[in-house]
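Here is the structure we will look at.
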Amino acid sequence: MEQPIRYELIKKDKKTGARRGRIHTPHGIIETPVFMPVGTQATVKAMTPIELKDEVKAKIILSNTYHLYLRPGDELVAEAGGLHKFMNWDGAILTDSGGFQVFSLGDLRKITEEGVAFRSHLDGSKHFISPEKSMSIQNNLGSDIMMAFDECVEYPADYEYTRKSMERTTRWAERCKAAHKNPDRQGLFGIVQGGMYKDLREISAKQLVALDFPGYAVGGLSVGEPAELMYDVLGHTTPFLPEDKPRYLMGVGTPDYLIEAVIRGIDMCDCVLPTRIARNGTALTSKGKLVVRNATYAKDWTPLDDECDCYACKNFTRAYIRHLIKCDEILGARLLSIHNLRFLVRLMENVRVAIEEDRLLEFREEFYKKYYHQ
């Protein structure tokens with residue numbers, strides 16, 4: 001059986017080993033390294049699919065299993081013909097397993113070997129998600145890439161709890177693989193866990209690689225630990241993952257995290273950050289973050305970022321976008337969302353070129369110099 005998800009390694013940066021590749025999916029080819037916009041509830045907030053494709057130039061987006069299970073319901077999405085048809089997006093879609101959202105409910109959930117019992121954050125109703133249930137939901141959603149159901153431990157977490165949790169994540173991964181109904185149409189990725197403990201990360205990676213998934217994610221990082229610790233643990237983990245399969249670092253989206261992740265062998269990243277800060281009136285630019293609502297920009301007739309090729313930068317000034325934000329006009333949040341998403345997608349385009357030219361470390365230095373005004 002031909003795998004629905006296939007990774008093609010094109011080039012490695014000579015100094016860092018960073019990878020330039022392609023992921024072949026049922027809904028198109030993804031050039032990597034790639035940033036994936038997050039469309040939690042079957043929509044990237046404030047964006048139409050045409051804007052995502054033509055303005056942001058996104059090829060793959062992420063949707064959320066937990067949220068879509070609760071509302072509108074995965075069976076309704078299946079009835080609509082799957083997530084692609086339901087939201088009219090013909091690019092690739094990755095769905096997370098629902099694990100992170102369930103575990104972040106805190107007192108509203110209870111973990112057992114069988115799965116997780118929890119109360120809905122919407123109405124308090126009782127639910128239960130097991131590895132099998134997560135697979136059933138994601139099979140109904142019809143995403144190109146599905147994620148195994150895992151437990152994401154908090155930071156800090158003690159060694160013994162982290163070890164037990166990591167071992168349970170492996171057992172759950174086995175159950176996910178057994179329960180996956182559409183292996184010919186949907187690729188299932190395993191998720192490496194183990195907290196901040198390098199030996200546990202190594203064990204987790206080796207156990208999951210033995211299960212032979214078409215791709216692997218590194219979960220449980222960027223959960224409050226210092227950046228240097230994250231880089232250290234990530235750099236230790238990726239060498240245990242296969243060269244011929246995609247590697248996905250879950251939930252990171254600041255420019256520095258994206259660049260550092262790629263240097264440590266990561267191919268895919270995602271984060272809600274660009275659209276979230278857009279709604280608060282903040283832009284990501286080549287010269288750092290720009291809080292557009294600040295009075296400084298009231299008569300600033302320049303674009304958000306003079307190096308950006310997005311619709312907002314080509315057509316509007318900081319002064320106008322500030323005016324929209326101050327008036328709570330929806331267009332303000334939309335223009336900033338287009339810009340921030342395009343900024344991160346374009347950053348990865350530039351990273352890909354830097355890898356092709358064996359100058360990723362120089363690119364990082366130039367980028368940081370401008371971004372942090374060093």
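All values below come from the heavy atoms of this structure, side chains included, with hydrogens, waters and symmetry mates left out. Note that the structure is predicted; figures quoted are calculated from it, not measured.
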Scan [options] and name whichever one has a side chain to side chain contact (heavy atoms under 4.5 Å, CB included) with [X].
{"X": "Met268", "options": "Leu249, Leu62, Leu94", "value": "Leu94"}
{"X": "Val351", "options": "Val262, Leu258, Asp13", "value": "Val262"}
{"X": "Leu336", "options": "Leu341, Ile325, Leu290", "value": "Ile325"}

Could you go through the side chain to side chain contact (heavy atoms under 4.5 Å, CB included) check for Lys133 and Tyr69 one step at a time? CA-CA 10 Å; Lys133 180 66 175 173; Tyr69 157 69; 3.7 Å; yes
Distance, nearest 0.5 Å, that separates [atom1] of [X] from [atom2] of [Y]:
{"X": "Arg352", "Y": "Leu347", "atom1": "CZ", "atom2": "CG", "value": "10.0 Å"}
{"X": "Met196", "Y": "Thr162", "atom1": "CE", "atom2": "OG1", "value": "9.0 Å"}
{"X": "Leu241", "Y": "Ile266", "atom1": "CG", "atom2": "CD1", "value": "7.0 Å"}
{"X": "Ser130", "Y": "Glu114", "atom1": "OG", "atom2": "CD", "value": "6.0 Å"}

Heavy-atom donor-acceptor pair, [X] side chain to [Y] backbone, under 3.5 Å:
{"X": "Arg22", "Y": "Thr32", "result": "no"}
{"X": "Ser337", "Y": "Ala333", "result": "yes"}
{"X": "Arg318", "Y": "Asp305", "result": "no"}
{"X": "Arg322", "Y": "Arg293", "result": "yes"}
{"X": "His339", "Y": "Leu284", "result": "yes"}
{"X": "Gln101", "Y": "Tyr66", "result": "no"}
{"X": "Lys177", "Y": "Leu211", "result": "yes"}
{"X": "Glu225", "Y": "Val223", "result": "yes"}
{"X": "Ser204", "Y": "Gln193", "result": "yes"}
{"X": "Arg109", "Y": "Phe118", "result": "no"}

[X] vs [Y] aromatic rings, parallel, tilted or perpendicular, using cut-offs 30° and 60°?
{"X": "Trp172", "Y": "Phe149", "value": "parallel"}
{"X": "His84", "Y": "His27", "value": "parallel"}
{"X": "Tyr372", "Y": "Tyr368", "value": "perpendicular"}
{"X": "Phe367", "Y": "Phe343", "value": "tilted"}

Below 4.0 angstrom, N of the basic side chain to O of the carboxylate: do [X] and [Y] qualify?
{"X": "Glu307", "Y": "Arg346", "result": "no"}
{"X": "Lys59", "Y": "Glu31", "result": "no"}
{"X": "Glu202", "Y": "Lys198", "result": "no"}
{"X": "Glu366", "Y": "Lys370", "result": "no"}
{"X": "Arg334", "Y": "Glu329", "result": "no"}
{"X": "Lys11", "Y": "Asp358", "result": "yes"}
{"X": "Arg342", "Y": "Asp309", "result": "yes"}
{"X": "Lys15", "Y": "Glu362", "result": "yes"}

Can you hop from Tyr248 to Ile30 via hydrophobic side chains spaced under 4.5 Å?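 Yes, Tyr248 connects to Ile30 through the hydrophobic network.
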Which atom names give the shortest non-hydrogen contact between [X] and [Y], and what distance separates them?
{"X": "Gly187", "Y": "Ile5", "result": "CA-CG1, 3.7 Å"}
{"X": "Phe363", "Y": "Ala354", "result": "CB-CB, 3.8 Å"}
{"X": "Val345", "Y": "Lys57", "result": "CG1-O, 3.7 Å"}
{"X": "Ile60", "Y": "Ile93", "result": "CG1-N, 4.4 Å"}

Please determine whether salt bridge (charged side-chain N to carboxylate O under 4.0 Å, His left out) holds for the pair Arg185 and Asp144, giving the CA-CA distance in whole Å, both sets of side-chain angles, and the decisive distance to 0.1 Å. CA-CA 7 Å; Arg185 301 198 302 277; Asp144 300 86; over 6 Å; no
State, with a plain yes or no, whether a side-chain heavy atom of Tyr197 is found less than 4.5 Å away from one of Val233.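 The answer is no, as the side chains (C-beta and beyond) never meet within the 4.5 Å cut-off.
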Walk me through it: do Asp267 and Arg247 pass the test salt bridge (charged side-chain N to carboxylate O under 4.0 Å, His left out)? CA-CA 5 Å; Asp267 308 301; Arg247 302 165 178 171; 5.0 Å; no
Run the side-chain hydrogen bond (donor to acceptor under 3.5 Å, both in side chains) test on Thr302 and Asp300 for me, step by step, so that the C-alpha distance in whole Å, both residues' side-chain angles and the decisive distance to 0.1 Å come before the verdict. CA-CA 6 Å; Thr302 62; Asp300 189 333; 2.5 Å; yes
Are there more than 12 heavy atoms of other residues, nucleotides or ligands under 6.0 Å from atom [atom1] of [X]?
{"X": "Glu75", "atom1": "CD", "result": "no"}
{"X": "Ile330", "atom1": "CD1", "result": "no"}
{"X": "Tyr257", "atom1": "OH", "result": "yes"}
{"X": "Arg171", "atom1": "CZ", "result": "yes"}

Please report the C-alpha distance between Gln41 and Asn64 in whole Å, then the side-chain angles of each, then the deciding distance to 0.1 Å, and finally whether the side-chain hydrogen bond (donor to acceptor under 3.5 Å, both in side chains) criterion is met. CA-CA 6 Å; Gln41 321 224 37; Asn64 187 275; over 6 Å; no
Audit row: Thr48, Glu51, side-chain hydrogen bond (donor to acceptor under 3.5 Å, both in side chains) steps and yes/no: CA-CA 5 Å; Thr48 66; Glu51 286 166 334; 3.2 Å; yes
Run the salt bridge (charged side-chain N to carboxylate O under 4.0 Å, His left out) test on Lys245 and Asp212 for me, step by step, so that the C-alpha distance in whole Å, both residues' side-chain angles and the decisive distance to 0.1 Å come before the verdict. CA-CA 10 Å; Lys245 297 193 175 168; Asp212 193 27; 2.5 Å; yes
Take Ile129 and Ser134 through the side chain to side chain contact (heavy atoms under 4.5 Å, CB included) test and state the conclusion after the steps. CA-CA 6 Å; Ile129 292 187; Ser134 177; 4.1 Å; yes
Dump the intermediate steps for side chain to side chain contact (heavy atoms under 4.5 Å, CB included) on Tyr159 and Leu200, then the final yes or no. CA-CA 9 Å; Tyr159 185 90; Leu200 297 182; 3.5 Å; yes
Given the rule in the side-chain hydrogen bond (donor to acceptor under 3.5 Å, both in side chains) test, do His127 and Ser125 qualify, once you have shown the distances and angles that lead to the verdict? CA-CA 7 Å; His127 299 270; Ser125 56; 2.8 Å; yes
Working note: Ser222 + Met230, criterion side chain to side chain contact (heavy atoms under 4.5 Å, CB included); need CA distance, chi angles, decisive distance, verdict. CA-CA 7 Å; Ser222 191; Met230 184 188 101; 3.9 Å; yes
